[in-house]
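Quick note on labels: first sequence line is chain A, next is B, and so on, each numbered from 1.
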Protein chains: 2
Amino acid sequence: MDQPGTTPAAPQRRTRQRAAVDQILTHLEEFRTAQQIHDVLRRQGDSVGLTTVYRTLQAMVESGQLDALRTDDGETAYRRCSSGHHHHLVCRSCGRTVEVSGPAVERWASAVADEHGFRDVSHDLEIFGTCGSC
Amino acid sequence: MDQPGTTPAAPQRRTRQRAAVDQILTHLEEFRTAQQIHDVLRRQGDSVGLTTVYRTLQAMVESGQLDALRTDDGETAYRRCSSGHHHHLVCRSCGRTVEVSGPAVERWASAVADEHGFRDVSHDLEIFGTCGSC
DNA sequence: CTGGGTGCAAAGTGTTTGCAATTTG
DNA sequence: CAAATTGCAAACACTTTGCACCCAG
């Protein structure tokens, strides 16, 4: 029998496409959808099939290299695991975005999670408002 | 002038279908997808079109009566809002969701926003992790 | 060589929209 | 009666799968 959810073996060959996707993710701090990554690749010259991007990302999530989450838009977004992160303060009016971070939230988030018995915690926070110039 | 993003007027007529959806939500504590709600309605005898269920739920979210979130499965799940603002602690594995809230984040968010000259601040936070049973 | 990898096109999902018939106020 | 609402079917957007060809090991 096979262990449920455990891939017997993951050969993982090194291919141009995978290297390209991997490289993109290395340079990105934020969550990006498969399609966005596909676009960047294309614009960058490395033509990789959308299908391959999807399959590569999935494989990376399964092997624990990526974190995936669903956007409110219904798309799946990926980001390299455990990269130092920050949050966004976005202006509703002009779209100006400021990166912010603070130990307070981080601590609170993990404390609350812990309190409820959750492990391997990560979180996502966005703050919206109207900036000074608007 | 009109406020941006505000529907001019929402007549909201009382119909059998809306009452049915509303009634289901009243009896549910957990998040349910539009399709699940549609199923319950059908099983219960109140036949309501899936389209109508979707439209009704969307309207309720917009009027602030419902909370919506995306499941890892890509579906949108709805639940009646518990009064007061809160955040979600979601299990990556089984999807179990716990509502959490704390003055710490709220204060931090508005402080940071203020610091950058932002007004009319609101925010969105989700914490992900693996719950105790998984 | 040979099996994993790739990518096009087609199939699947969940959700939204066009539009005629129906219902509410 | 007029306007809002419903619901079917078709349209949509994102993702997955079938399958023939290709390339890394």
Side-chain angles (χ1 to χ4, degrees), chain A residues 2 5-25 31-63 65-79, chain B residues 5-25 31-63 65-79 95:
Chain A
D2 247 320
T6 302
T7 310
Q12 290 292 61
R13 281 188 187 171
R14 180 132 232 95
T15 68
R16 175 180 62 76
Q17 292 84 335
R18 292 193 181 170
V21 172
D22 197 82
Q23 176 252 129
I24 294 293
L25 290 163
F31 279 93
R32 287 284 184 268
T33 69
Q35 316 223 26
Q36 288 178 318
I37 292 171
H38 177 248
D39 274 358
V40 175
L41 286 170
R42 158 163 301 190
R43 224 170 286 132
Q44 181 178 296
D46 287 300
S47 179
V48 178
L50 180 56
T51 307
T52 300
V53 174
Y54 273 113
R55 283 197 279 233
T56 301
L57 292 173
Q58 279 172 20
M60 292 177 82
V61 168
E62 263 163 56
S63 64
Q65 304 174 63
L66 256 45
D67 251 356
L69 64 78
R70 289 279 180 176
T71 68
D72 277 347
D73 224 50
E75 299 172 299
T76 307
Y78 306 83
R79 183 187 65 177
Chain B
T6 302
T7 310
Q12 288 291 58
R13 283 186 184 172
R14 179 133 233 95
T15 68
R16 175 180 63 77
Q17 291 86 334
R18 290 192 183 170
V21 171
D22 197 83
Q23 176 252 131
I24 294 292
L25 289 163
F31 278 93
R32 286 285 183 268
T33 69
Q35 316 222 26
Q36 289 177 318
I37 291 172
H38 177 249
D39 274 358
V40 176
L41 285 169
R42 158 162 301 188
R43 225 171 285 133
Q44 181 179 293
D46 287 301
S47 180
V48 178
L50 179 56
T51 307
T52 301
V53 174
Y54 273 113
R55 283 197 279 233
T56 302
L57 292 173
Q58 279 172 18
M60 292 177 83
V61 168
E62 264 163 57
S63 65
Q65 305 174 61
L66 255 45
D67 249 358
L69 64 78
R70 289 276 181 178
T71 68
D72 276 348
D73 224 49
E75 300 171 301
T76 308
Y78 306 82
R79 187 187 59 179

Length of the line joining B/Q17:CD and C/dT22:C1', which is rounded to integer Å: 10 Å
d(CG, A/L57; P, D/dC14) in whole Å: 15 Å
Any side-chain heavy-atom pair of B/L57 and B/L25 under 4.5 Å: yes
Check: B/Q44 and B/I24 side chains under 4.5 Å, non-hydrogen atoms: yes
A/I37 CD1 to D/dC14 P, straight-line distance once rounded to whole Å: 14 Å
Heavy-atom side-chain contact between A/T33 and A/T76 under 4.5 Å: no
Side chain to side chain, B/Q35 and B/Y54, heavy atoms closer than 4.5 Å: yes
Check: A/S47 main-chain N/O paired with A/R16 side-chain donor or acceptor under 3.5 Å: yes
Whole-Å distance separating the NE2 atom of B/H38 from the P atom of C/dT16: 15 Å
Interatomic distance where CG belongs to A/D72 and P belongs to D/dC14 [whole Å]: 14 Å
Sequence-distant partners of B/D22, salt bridge (charged side-chain N to carboxylate O under 4.0 Å, His left out), two or more places apart: B/R80
Sugar-phosphate, base or nothing in reach of A/T71, heavy atoms under 4.0 Å: nothing
Base versus backbone protein contacts along nucleotides 15-25 of chain D [heavy-atom cut-off under 4.0 Å; B, S, -]: BBBB-----BS
